[in-house]
Amino acid sequence: MGLIVFPFLNIWLQASPCVDAANTRLTRMSNHRFTLVHSDERAARGAKSGLGLKVLDAWSGHQRHTDTLSGGESFYVSLSLALGLADIVTAEAGGQALDTLFIDEGFGTLDDDTLHQVLDVLDSLRDHDRTVGVISHVAEMRRRITQRLHVRKSPVGSTLVHVTEAAE
């Protein structure tokens with residue numbers, strides 16, 4: 001386990017490859033609007049801020065603080081970073097693949113066009129033998145994802161139903 005933790009920390013401290021990998025997906029998810037860039041700004045009272053990131057907004061041509069992003073924008077920026085980190089950890093850990101990813105919610109914050117762009121990126125992961133588990137209540141997700149587990153609650157407990165077709 002220590003062999004995986006050390007490269008992970010090393011990668012995080014050398015964030016450039018992670019940001020580059022994240023930007024590969026972020027540009028697709030944001031329709032070429034956003035790119036992550038490093039920021040050396042200090043936190044409050046001059047403290048080091050760790051991994052300083054800003055978002056370059058192609059629409060305005062200016063860098064923005066990440067806390068100015070909408071909920072949907074924050075979701076796909078975070079998702080891009082997670083996917084980029086998984087790519088770099090896989091490459092740095094001797095090919096030990098992180099081939100399964102679970103995403104819990106966030107999809108409800110996306111507009112229809114952005115939802116489709118994000119789902120296209122997740123579909124491309126599946127095309128490269130990765131498994132993506134999504135936990136969501138968004139109706140469009142049920143239409144788009146044909147292999148699902150549906151949780152049915154009842155007073156005596158919950159049951160899982162395997163669904164293999166798109167919802168209507």
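Side-chain atoms are counted along with the backbone in the values below, which use heavy atoms only and exclude waters and symmetry mates. This is a predicted model, so every value here is computed, not measured.
- Formation of a donor-acceptor pair under 3.5 Å by the T24 side chain with backbone atoms of D20 is found in this model.
- To the nearest 0.5 Å, atom CH2 of residue W59 and atom OG of residue S30 are 9.0 Å apart.
- For the atom pair OG of S136 and CD1 of I145, the computed distance is 7.5 Å after rounding to the nearest 0.5 Å.
- In this structure, OG on S78 lies 11.0 Å from CD1 on I103, to the nearest 0.5 angstrom.
- Residues N23 and L36 approach most closely at OD1-N, 2.7 Å, considering heavy atoms.
- Here the closest non-hydrogen pair linking K54 and H65 is CE-CE1, 3.5 Å.
- For the residue pair H32 and A58, the shortest heavy atom distance occurs at O-CB, 3.7 Å.
- At a threshold of 4.5 Å between side-chain heavy atoms, the hydrophobic network of Ile, Leu, Val, Met, Phe, Trp and Tyr places L79 and L56 in two separate groups.
- When each of T114, D57, T27 is checked for a side chain to side chain donor-acceptor pair (under 3.5 Å) with R33, only D57 meets the rule.
- Residues V134 and M29 share a single hydrophobic cluster, defined by chaining ILVMFWY side chains whose heavy atoms lie under 4.5 Å apart.
- Rounded to the nearest 0.5 angstrom, F102 CZ and T131 OG1 are separated by 8.0 Å.
- Closest approach of T66 to S74, counting heavy atoms only: O-OG, 4.3 Å.
- The distance from the OG1 atom of T159 to the CG atom of L149 is 11.0 Å, given to the nearest 0.5 Å.
- Proximity of L110 to V138: side-chain heavy atoms (C-beta onward) are nowhere separated by under 4.5 Å.
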Does the side-chain contact (heavy atoms from CB on, under 4.5 Å) test come out yes or no for Q147 and H162, once each step is laid out? CA-CA 7 Å; Q147 297 289 324; H162 185 230; 3.2 Å; yes
From CA spacing to verdict: side-chain contact (heavy atoms from CB on, under 4.5 Å), V77, L69: CA-CA 9 Å; V77 167; L69 297 170; 3.9 Å; yes
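- With hydrogens and angles ignored, the 3.5 Å screen pairs no side-chain donor or acceptor of T68 with any backbone N or O of R64.
- For F34, there are no ring pair (Phe, Tyr, Trp, His ring centres under 6.0 Å) partners two or more places apart in sequence or in a different chain.
- The side-chain heavy atoms of Q63 and V55, taken from C-beta on, include no pair separated by under 4.5 Å.
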Just do the side-chain contact (heavy atoms from CB on, under 4.5 Å) check on V37 and L53 with the steps written out, would you? CA-CA 6 Å; V37 294; L53 292 176; over 6 Å; no
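- Between atom CG of residue L122 and atom CZ of residue R144 there is a gap of 8.5 Å, rounded to the nearest 0.5 Å.
- The shortest non-hydrogen separation linking V163 to H150 is CG2-CB, 4.1 Å.
- Among all heavy-atom pairs drawn from S80 and R25, the shortest one is OG-C, 4.0 Å.
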